[in-house]
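Below you'll find the structure, written out as structure tokens, and then a few comments.
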Amino acid sequence: MSLIPAGRSIEAVLFDMDGTLILSEDRTDRAVLALLAEHEIALPSDFDLSAFHGVTWATSARNLKARWAALAHVEVADGLQRHFHQTFITHPPPVVPGAVEAVQAAAASFPVAIVTSSNRETLELVCQQLQLVELLSATVGAEDCSESKPHPEPFLLGAKALGLSPERCLIFEDSTAGVQAGLASGATVIAIGSSSGHEPSIADYTTLPAGFFSALT
């Protein structure tokens with residue numbers, strides 16, 4: 001399967017962050033679990049932590065409050081961010097193999113943006129840790145959006161920040177919500193890993209063909 005559909009012209013590359021550039025989805029899981037434990041809420045056997053992947057803390061907070069009345073007056077989104085962000089300071093998450101090199105290669109040929117459901121403080125910290133700041137033409141974080149993935153708004157804002165229509169953008173995403181958001185925006189999407197079920201997909205960036213980004217120009 002070709003990674004880029006025939007007839008598609010790519011003029012920018014947009015990367016998700018968590019699960020796409022860094023292996024941090026376990027931090028999301030731990031943040032949710034820590035928040036529940038903090039309020040002495042027992043974890044049900046049918047609890048699906050993957051439902052919190054790729055979406056904003058505001059969305060996660062609404063879902064948690066809808067399930068547990070005990071959280072009705074709790075600042076859930078702030079608590080989740082506190083638990084999540086602290087681990088990035090003390091133990092930065094591993095990088096998806098080839099991710100930094102992929103951003104570097106993409107930025108050599110195209111404007112590049114990161115579009116994430118994470119809060120801006122975490123987005124900026126990761127960009128500093130991975131030394132990506134000078135490579136990026138734009139960033140979109142949770143605070144920039146009124147809607148969360150799988151709504152296309154985050155990627156629409158990312159494309160707009162680059163001065164392009166989303167149809168001319170290539171998106172790398174890992175989560176189901178993120179892939180759905182990218183497709184809904186009209187962009188071309190390549191999945192990282194197989195969890196979303198989307199094709200085309202790659203295991204990680206080391207499996208991209210040599211010269212992949214320069215060949216798209």
Side-chain angles (χ1 to χ4, degrees), residues 13-41 43 47-65 68 71 73-104 106-107 112-145 148-149 154-155 157-158 161 171-175 177-178 181 192-193 195 204-206:
V13 183
L14 281 60
F15 293 90
D16 171 51
M17 187 176 78
D18 297 291
T20 298
L21 295 178
I22 52 174
L23 296 168
S24 54
E25 297 294 23
D26 65 316
R27 312 301 176 92
T28 300
D29 298 349
R30 280 189 263 168
V32 173
L33 294 174
L35 188 283
L36 294 178
E38 192 173 70
H39 295 278
E40 299 181 343
I41 295 173
L43 191 67
F47 196 61
D48 181 14
L49 287 165
S50 69
F52 301 93
H53 296 178
V55 301
T56 62
W57 292 133
T59 298
S60 296
R62 284 195 296 272
N63 292 338
L64 290 169
K65 287 188 174 190
W68 285 289
L71 298 175
H73 302 294
V74 175
E75 296 294 336
V76 173
D78 290 346
L80 291 170
Q81 173 61 15
R82 172 170 46 84
H83 288 297
F84 183 74
H85 186 72
Q86 183 58 37
T87 70
F88 282 72
I89 297 172
T90 56
H91 297 92
V95 181
V96 173
V100 172
E101 294 80 3
V103 176
Q104 292 170 340
V112 170
I114 292 179
V115 179
T116 177
S117 294
S118 280
N119 287 18
R120 181 157 292 279
E121 69 168 345
T122 306
L123 165 60
E124 291 177 352
L125 176 61
V126 171
C127 289
Q128 293 166 5
Q129 289 172 336
L130 301 187
Q131 300 181 14
L132 301 179
V133 176
E134 300 301 321
L135 300 175
L136 302 175
S137 298
T139 58
V140 176
E143 297 93 333
D144 301 311
C145 306
S148 174
K149 302 171 186 177
F155 288 118
L157 290 176
I171 292 170
F172 287 91
E173 259 287 2
D174 71 296
S175 69
I192 302 298
S195 63
D204 58 50
Y205 300 95
T206 65

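Since this is a predicted model, take the numbers as computed values, not measurements.
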Response to the item:
Across all chains, not counting sequence neighbours, the side-chain hydrogen bond (donor to acceptor under 3.5 Å, both in side chains) partners of S175 are none
Worksheet item: A77 and A61: which non-hydrogen atoms are nearest, and at how many Å?
Response: N-CB, 3.7 Å
Response to the item:
Note: A142 and S117 closest approach over all heavy atoms is CB-O, 3.3 Å
Worksheet item: Is there a donor-acceptor pair under 3.5 Å between the side chain of D204 and the backbone N or O of T206?
Response: yes
Worksheet item: Is it true that a side-chain atom of S148 and a backbone atom of T56 form a donor plus acceptor pair closer than 3.5 Å?
Response: yes
Worksheet item: Within the distance-only criterion (no hydrogens, no angle test), does the side chain of D144 pair as donor or acceptor with the backbone N or O of G141 below 3.5 angstrom?
Response: yes
Donor-acceptor contacts under 3.5 Å from residues 123-139 side chains, at least two apart:
| from | atom 1 | to | atom 2 | distance (Å) |
| --- | --- | --- | --- | --- |
| Q129 | NE2 | F88 | O | 2.9 |
| T139 | OG1 | R120 | NH1 | 3.0 |
| T139 | OG1 | R120 | NH2 | 3.4 |

Worksheet item: Among F47, W57, F84, which one satisfies ring pair (Phe, Tyr, Trp, His ring centres under 6.0 Å) with F52?
Response: F47
Practice prompt. For residues H83 and L33, determine if any side-chain heavy atom of one lies less than 4.5 Å from a side-chain heavy atom of the other.
Written response: no
Item to complete: Taking salt bridge (charged side-chain N to carboxylate O under 4.0 Å, His left out) as the test, write out the residues that go with D78, two or more places apart.
Response: none
Practice prompt. Could you tell me which non-hydrogen atom of Y205 sits nearest to which non-hydrogen atom of A99, and how far apart they are?
Written response: CD1-CA, 3.4 Å
Worksheet item: In chain order, what residues pass the side-chain hydrogen bond (donor to acceptor under 3.5 Å, both in side chains) check against E101, with sequence neighbours excluded?
Response: none
Worksheet item: When you look at L35 and L71, which way does the side chain to side chain contact (heavy atoms under 4.5 Å, CB included) test go after all the steps?
Response: CA-CA 10 Å; L35 188 283; L71 298 175; 4.2 Å; yes
Response to the item:
Residue set satisfying side-chain contact (heavy atoms from CB on, under 4.5 Å) with S195, at least two apart, ordered chain then number -> none
Item to complete: Tell me, please, which residues at least two apart from D26 pass side-chain hydrogen bond (donor to acceptor under 3.5 Å, both in side chains).
Response: R30
Practice prompt. With sequence neighbours excluded, give me every side-chain hydrogen bond (donor to acceptor under 3.5 Å, both in side chains) pair touching residues 87-97.
Written response: R27-T87
Worksheet entry | Partners passing salt bridge (charged side-chain N to carboxylate O under 4.0 Å, His left out) against E38 (at least two apart in sequence or in another chain) | R82
Could you pull out every donor-acceptor pair under 3.5 Å between side chains of residues 15-25 and any protein atom, sequence neighbours left out?
| from | atom 1 | to | atom 2 | distance (Å) |
| --- | --- | --- | --- | --- |
| D16 | OD1 | K149 | NZ | 3.1 |
| D16 | OD2 | T20 | OG1 | 2.9 |
| D18 | OD1 | S24 | OG | 2.5 |
| D18 | OD2 | S118 | OG | 2.4 |
| T20 | OG1 | D174 | N | 3.2 |
| T20 | OG1 | D174 | OD1 | 3.0 |

Worksheet item: Going from CD on Q86 to OG1 on T122, what distance comes out if it is rounded to the nearest 0.5 angstrom?
Response: 10.5 Å
Worksheet item: Quick one: does L36's side chain get under 4.5 Å of L64's, heavy atoms only?
Response: yes
Worksheet entry | Counterpart residues, side-chain hydrogen bond (donor to acceptor under 3.5 Å, both in side chains), relative to H39 (two or more places apart) | none
Practice prompt. Provide the closest heavy-atom pair for I171 versus E173 in the form atom of the first, atom of the second, distance.
Written response: CG2-CG, 3.8 Å
